Structure formats: structure tokens, C-alpha cells
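Here's the structure, in C-alpha cells; my notes come after.
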Amino acid sequence: MSTLKMKEAALIYLDKSGGLQKFIDDCKYYNDLKQSYAVYRFNILINPSDVVELDTELGNHILHQPLEASQVFQSVCFIAVKTLSLMGQLQTENQINIVLKLTHLPPLPSYSLDFCEFPHDYTSQRFYMMQGIVIAMTTVTKYTQGARFLCSDEACPLSKGFQYIRVHVPGATESATIRNDFLCNLCSSSLQEDRKFRVLGDELVNKMNIGNEYKIIGIPTCVKTSQTSVCIETNSITFCNPKVPSGISDSFRCLLSLTSSSCWKFTAILANIFASQIVPPGTYNLLKLCLLMSLVQTSVRNKELEDSLDILIITSDTLLVDRLLNFSINLVPRGIRHPVSAEIFPTVSRNKYGTGAVSVQAGSALLAKGSICFIGDLASHKKDKLEQLQSVMESRSITVYISGKKFGDDIDQQMTFPVQCSFWSFVDLDSSSRRNTQKTNTLIGQMDCSLIPANLVEAFGLLINCNESSPCHPFLSNVQHTLKKAIDPEGLLYVASKQFTTEDFEKLLAFAKNLNVEFSLEAERMIHGYYLASRRIRTDSICGSKLSSSALKYLVSLSEAHARLNLRTKVIKEDALIAALLFETSLTLKYGATVFCVAPNAVFPFELYNEEYLEKRDIYLTQCQQQLLQFIATYGPGTTIFASDE
């Protein structure tokens, strides 16, 4: 009686929700095909709240015993087919494959599968809501949704009809659905598949993208854990959890208000006090500003992949720089520190789970989608990996080739993935190999990068020099900081650390990176003017232009980043100036100085001790702006530069 009552409730729900009419339409579609199948698949949309309100027992079955609930709807649908004569080719109830698609689950902890809590209840075969990032997936491989088997003994009554139907259930592999060891229940003869009735499907993998974040409702079948993350695999998709900060602190609101009279002071103070847990305030200001600008560009809002800001650092203190970059990537969601033992880009292996023959593992770059992939010391990577890195940074995509012969397929396949992250790396200035092979004929201002492939250096948008003789690395203050930290590892050594916490910076970056910015006419003309002028003076008849095609993209990205870091929605000429100075400093390190001679410390010409030094910096940057305009007017033919009053 209980089952009968649930069937009545299921029919009423289907009628009220429009599900019955959709089922009738689907039956008409199958009927028009004039072809018989082993099973006929029907998706039924279920709103659990509406079902529970109609019949609590049926609602409970759907939420906690979905496989049994599917059988209830299967019976109702079969009766509807026979009563309304919807499908003449349908013979048995088992030929109806009902898939319940839930609109949502109750907002209670027991219905959410938290990958960070143990134990995992993945054996109950019920629905859970899961949220995460796809870290691996199979190729689009059709699997068997249903198959018809017949008794091999022609004299047996079960050698005809649809008495033996195999239907795919959640978590089942292909070998579990299709086997050759089935026996007839009546005569014990072997069963053989009637292949012309096999039904194939590929409804999940081709609708999801590796590296993307999803919320799904499904029945989990396998949970895998590691030292760094907890993952779940269901229907050949593997997920891991992200983190999402939001909001702005009052301390930064106050600072923004106090520095509103200047277009440069706010970001200067941010760089000065940033990461005071790792380095003393006032040190590594140029590097910290560039890191903050790269961090606010971590977003997937721009589908043209123009937002990335790749950074390569030349340093003699790799340990400190490594700590600083590690600290920075943890301030944004999906920041990845690439382990040397892992792969940066996607790799192919034989799939251990699900139905696909091939599994594509995302690699660090795809997992860092819309964020930062810190790949450590370039010297730790082999030549072929560096060549691959260069290719990816230039094209912002990666293609994976899948050998059909190797993985048991008839044809070769290839899959192309967009790479939507910024890359950070560093090179050890004092490595023994560098000391033994340094060039002696470098130009004024040029760094010796002979151990790094020239095209790879060019692929990084910014090249930054951080060594003990540079203004961004005062040696004594770092020694004092290290000693104090050794005595009190958890202590806050500076006032800035107490006023502007790590959480404050997380909230600031989360807000800034989601700002939609647009260029003012002045800023746009200044960026294009500088690009044309710089391209002209760095072009010779033998090698052509030293500015790559991506140079303009980096200038635009730098300008946008400085505007976002200032919490502005419009890029102004002051942002364009910072972009030009940073980019020219990088070009000087790569190729040497030119007529637009920019000092290595142009962005931070003074130690930022107080308001007086901030004012001096503003005056200096204003002078630099006039020099930039003069440079554009002289070497950028066809570029119109307007003064403010014009």
C-alpha cells in the first residue's frame, strides 16, 4: 500500500509540474524514430520542496533512496505508456531508464559533501551537493546506458524479448554493465548481447571544462585524498575545493580617503607595508607593487585572456623572494605553488575510474585559472618544459595529443585548453653556472640573462631585478627582520602589520580584481604613444623590433592593474605613467637603456618614511610624466598628445 501511495503521488506531481507532458513529448520523439532500443532514457526534473509538500514519503525516498524512487517513477511512466499507447515498441517496464534531475537540495549540512571533513559518506547512494574545481577528466567517451541480452539456447523462451536488460547505474564501469559471463536464470545457458539494441551516452564530460568551478548534485561513488587537497570523482570528473574572500576593511577605506589628493600615494603605501610578515616595510617596494598589480589582474572576467601579468625576478636572495611570492599567492583564490615533482601543464594517462580509456590531468596552470601559477626557480625545470612554457605564454593555450594506438582507440585525438593564469618565477643571480658564464659585453642597464632562453625572457611581461645592490633590497633591515622573526615567529614586528592585516589585504584584492575599468582618452593615447615611440627606437634593420606583439597588451594590463589597485574604475594618465615606467625598466634590463632613460628606481625614487617623502615622489613622477610626453612627441610620429587644458 505504501508503494501504491507513492506511485499515486508521483503521478500527481508529474501532472502538476508539467513533467507528464514532457514525458509524453519524449515518448513521441522515440516513437517517431521508428527504431527499437534496449532502454529508453527519460530525464525527470524534480523540485524536492514541492514533492515533500505533496507527499513526505515520496520526498524522503527521492532524497535518501533515489534508486528506489526512480523505480517508482519508472512504474508510473510504464503504466502511462501502456494506458495512453505512447510507444508501440516498448515491451517491458525495465526498458524505461528514469534519471531524476533535482533542482536543488535542502540547505542543510547533511546534504552537502564537504571535502575537508571526515569521514566521507559516499556509500549511502543518495544525492549530495558538491562544489569544486575540475582537476581531471576523461576524453568524451560514449558509455553503455543500456543493453539487451538474450539466452544463447534458441529453444529457451528467454532467447527472445526483453527479459534481460542491463542498465548503467551511478559509479558503474563499462565492464560492470557489459560482461560475457551472464547466465540464463531458466536454463543456465550463457547470455549473449544483441548489439543492435545497445544505447550509448556521453552526457556529462562534454558539458564541463577542466579548471572550471561547478556546483553539482549527484551520487558520489569514489573519494580520493592527498596531502594537499581532498577530491571527489563522479562520472569521470574530479573536483577540489576553492576559497572565496570578499569585502574591504575600514583601515583601507580610511587610508584611501587620506591619500585621495594624489593618484600615486595609495598604491605606494600599499607596496610599502605589504607582506610585512615576510620582509620589513619599505623593502622590495618595486617587487611588491608589481606583485599586487599582478594579483588584482587575477580574474576570468576577460575572455580574451588579456589580463595576465607574468613576472620573472632576477635575485641573489632566492629564499626570501620565494617566501614573498608564496605569501602573495595565498591571498587570492586558486593561487598555485607548483611542486617540482608535478606537471605544469595537462598530461595524459590511462583512466583508473569511470568509462573513459584516457584521463587528462589538469596540471598546475589550468588549476590556477584566473589566478597565479608560481613555478619557482626556472633552473629547476628542464629545457623541454621551458620551451613548452614559452609556447604557452605566447599563445595562452595548450594542446594535448592523445595517441589512439597507445590508449586502445581507433583514432588519435587532441584537446586544446585555454591557459588563463599569470606565471611567476625567479632566477638565481648567484648560481655557479651564471658566475662562470657571465657575458662581458652587456649594454648600459642590461642584465645578463644568457642562461635563460631569450624568447622565454621576452615572454615574461615584467623582468624585475632584486639583488643586494639594488634599491629594493636594503641588506641590514632584512637581517634585523630575520633575527626578530627567529626569536618571535608569530609576533607582529611593525605597526603596519597590526593596522593592515593579511585578511585586510585579502579583502582589498578581492574587491579590486572585480572592478570593471575603462580607459580615459588621455591614458589610451599615452599608452599607444609610448608603445609606438618605444617600438621605433628599439628597432634595427637586422633584428627588427625588440618589442613583441604582446608588449601593448602588457602595457594595457599594467595600466588597468594600477587603476584597480587604486580602487578606481577609470584608467587615467597617472596609471599609464606607472605602466610605462615599469615596462621601460623591464626593457632596460632585457636590452639596455635608450634615449628614454629610466632609472632602476624610477617608481620608488625615495625611501617612504613619511608624508614629505610621498610628496617628493609625486613631484618626481610628475616630472617623469612630462619626460614621457616629450619622448612620445619626439619619437611617436602620428601620435597626438593633448595637455590637460586642451
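Given the structure is predicted, the values throughout are model-derived calculations rather than measurements. These values consider heavy atoms only, across backbone and side chains, with no hydrogens, waters or symmetry-generated copies.
- The shortest heavy-atom contact between C290 and L582 is SG-CD2, 3.8 Å.
- Contacts of E394 classified as salt bridge (Lys or Arg N to Asp or Glu O under 4.0 Å), with partners at least two apart in sequence or in another chain: none.
- One distance of note links CD of E506 with CG of L331; it measures 5.5 Å at 0.5 Å rounding.
- For F345, there are no ring-ring contact (aromatic ring centres under 6.0 Å, His included) partners two or more places apart in sequence or in a different chain.
- Checked by atom type and distance alone, the side chain of T298 pairs as donor or acceptor with a backbone atom of L295 at under 3.5 Å.
- Under the 4.5 Å side-chain criterion, counting only non-hydrogen atoms from C-beta, I344 is not in contact with V392.
- L587 is listed as a side-chain neighbour of S534, based on a closest heavy-atom distance under 4.5 Å.
- Between K570 and E522, no side-chain nitrogen of the basic residue sits less than 4.0 Å from a carboxylate oxygen of the acidic one, so the salt-bridge criterion is not met.
- Applying the ring-ring contact (aromatic ring centres under 6.0 Å, His included) criterion to Y620, with sequence neighbours excluded, gives no partner residue.
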For L255 and F500, run side-chain contact (heavy atoms from CB on, under 4.5 Å): C-alpha distance rounded to whole Å, both residues' side-chain angles, the deciding distance at 0.1 Å, then the answer. CA-CA 10 Å; L255 179 62; F500 304 97; 4.1 Å; yes

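- Taking a 6.0 Å sphere around CD of E503, one finds it holds 12 or fewer heavy atoms contributed by other residues, nucleotides or ligands.
- Remark: the backbone N or O of E615 is not paired with any side-chain donor or acceptor of D618 at under 3.5 angstrom.
- Checked by atom type and distance alone, the side chain of S395 pairs as donor or acceptor with a backbone atom of S391 at under 3.5 Å.
- Here the side chain of S550 pairs no donor or acceptor atom with the backbone of K553 at under 3.5 angstrom.
- Annotation for R323: atom CZ does not count as buried by contact number, only 12 or fewer foreign heavy atoms lying within 6.0 Å.
- Contact record, N209 with M137: C-SD, 4.4 Å, taken as the closest heavy-atom pair.
- Nearest heavy atom pair, residue Q361 against residue S349, reads NE2-OG, 4.1 Å.
- No side-chain heavy atom of V296 sits under 4.5 Å from any side-chain heavy atom of L515.
- Judged as a salt bridge (Lys or Arg N to Asp or Glu O under 4.0 Å), and not counting sequence neighbours, E458 has no contacts.
- Shown here are the ring-ring contact (aromatic ring centres under 6.0 Å, His included) partners of F606, two or more places apart in sequence or in another chain: there are none.
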Could you check T259 against L614 for side-chain contact (heavy atoms from CB on, under 4.5 Å), going step by step and ending with a plain yes or no? CA-CA 10 Å; T259 57; L614 285 171; 5.8 Å; no

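- Separating the CD1 atom in I398 from the CG atom in L366 is a distance of 8.0 Å, to the nearest 0.5 Å.
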CA sep, side-chain torsions, deciding dist, call: M293, L558, side-chain contact (heavy atoms from CB on, under 4.5 Å): CA-CA 7 Å; M293 291 171 65; L558 283 166; 3.8 Å; yes

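- Taking E524 as the reference, nothing meets the side-chain hydrogen bond (donor to acceptor under 3.5 Å, both in side chains) condition, with sequence neighbours excluded.
- Of all heavy-atom pairs spanning D377 and S425, the tightest one is C-OG, 4.1 Å.
- Every residue meeting the side-chain hydrogen bond (donor to acceptor under 3.5 Å, both in side chains) condition with T416, not counting sequence neighbours, appears here in chain and number order: T399.
- The closest side-chain donor-acceptor pair between Q297 and S422, if any, does not fall under 3.5 angstrom.
- Although no hydrogens or angles enter the test, the distance criterion places a donor-acceptor pair under 3.5 Å between the side chain of D575 and the main chain of I572.
- The nearest pair of heavy atoms linking I133 to G211 is CG2-O, 3.6 Å.
- Between the side chains of D322 and N326, at least one donor-acceptor pair of N or O atoms lies under 3.5 Å.
- The salt bridge (Lys or Arg N to Asp or Glu O under 4.0 Å) check on D310 picks up R396, with sequence neighbours excluded.
- Contact annotation: the side chain of V571 never approaches that of I527 to less than 4.5 Å [non-hydrogen atoms, C-beta and beyond].
- Among residue pairs with one or both ends in residues 364-392, those qualifying as ring-ring contact (aromatic ring centres under 6.0 Å, His included) are H338-H381; sequence neighbours excluded.
- For the pair T267 (side chain) and W264 (backbone), a donor-acceptor distance under 3.5 Å is present.
- The two residues S294 and I311 have their closest heavy-atom pair at CB-CD1, 3.9 Å.
- Between the CG atom of L463 and the CG atom of L589 there is a distance of 5.0 Å, given to the nearest 0.5 Å.
- Residues passing the side-chain hydrogen bond (donor to acceptor under 3.5 Å, both in side chains) test with T622: none are found, sequence neighbours excluded.
- Residues Y554 and F583 place their aromatic rings such that the two centres sit no closer than 6.0 Å.
- Using a distance-only test at 3.5 Å, with no hydrogens or angles considered, a donor-acceptor pair links the side chain of D317 to the main chain of L320.
- In this structure, K288 NZ and T283 OG1 are separated by 4.5 Å, a value rounded to the nearest 0.5 Å.
- Separation of atoms NZ (K265) and CG (L258) is listed at 10.0 Å; rounding is to 0.5 Å.
- Between the T569 side chain and the V517 main chain, no donor and acceptor come within less than 3.5 Å of each other.
- In this structure, the side chains of I578 and L621 come closer than 4.5 Å at one or more pairs of heavy atoms.
- Considering only residues two or more places apart in sequence or on other chains, R617 meets the salt bridge (Lys or Arg N to Asp or Glu O under 4.0 Å) condition with none of them.
- Looking at heavy atoms from C-beta onward, L629 lies in side-chain contact with Q626 at the 4.5 angstrom threshold.
- Residues M526 and Q625 are in side-chain contact: their nearest non-hydrogen atoms beyond the backbone lie under 4.5 Å apart.
- Between the side chain of T315 and the main chain of C466, a donor-acceptor pair closer than 3.5 Å is present.
- How far CD1 of I329 is from CD1 of I336: 7.5 Å, rounded to the nearest 0.5 Å.
- At least one donor-acceptor pair closer than 3.5 Å links the side chain of T588 to the backbone N or O of E584.
- F631 pairs by the ring-ring contact (aromatic ring centres under 6.0 Å, His included) definition with F596, Y635, not counting sequence neighbours.
- Between Y284 and F274, the distance separating the two ring centers is not shorter than 6.0 angstrom.
- For F460 and F423, the ring centers sit 6.0 Å or farther from each other.
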F604 vs N272, side-chain contact (heavy atoms from CB on, under 4.5 Å): CA-CA, chis, key distance, verdict: CA-CA 10 Å; F604 289 97; N272 192 69; 6.0 Å; no

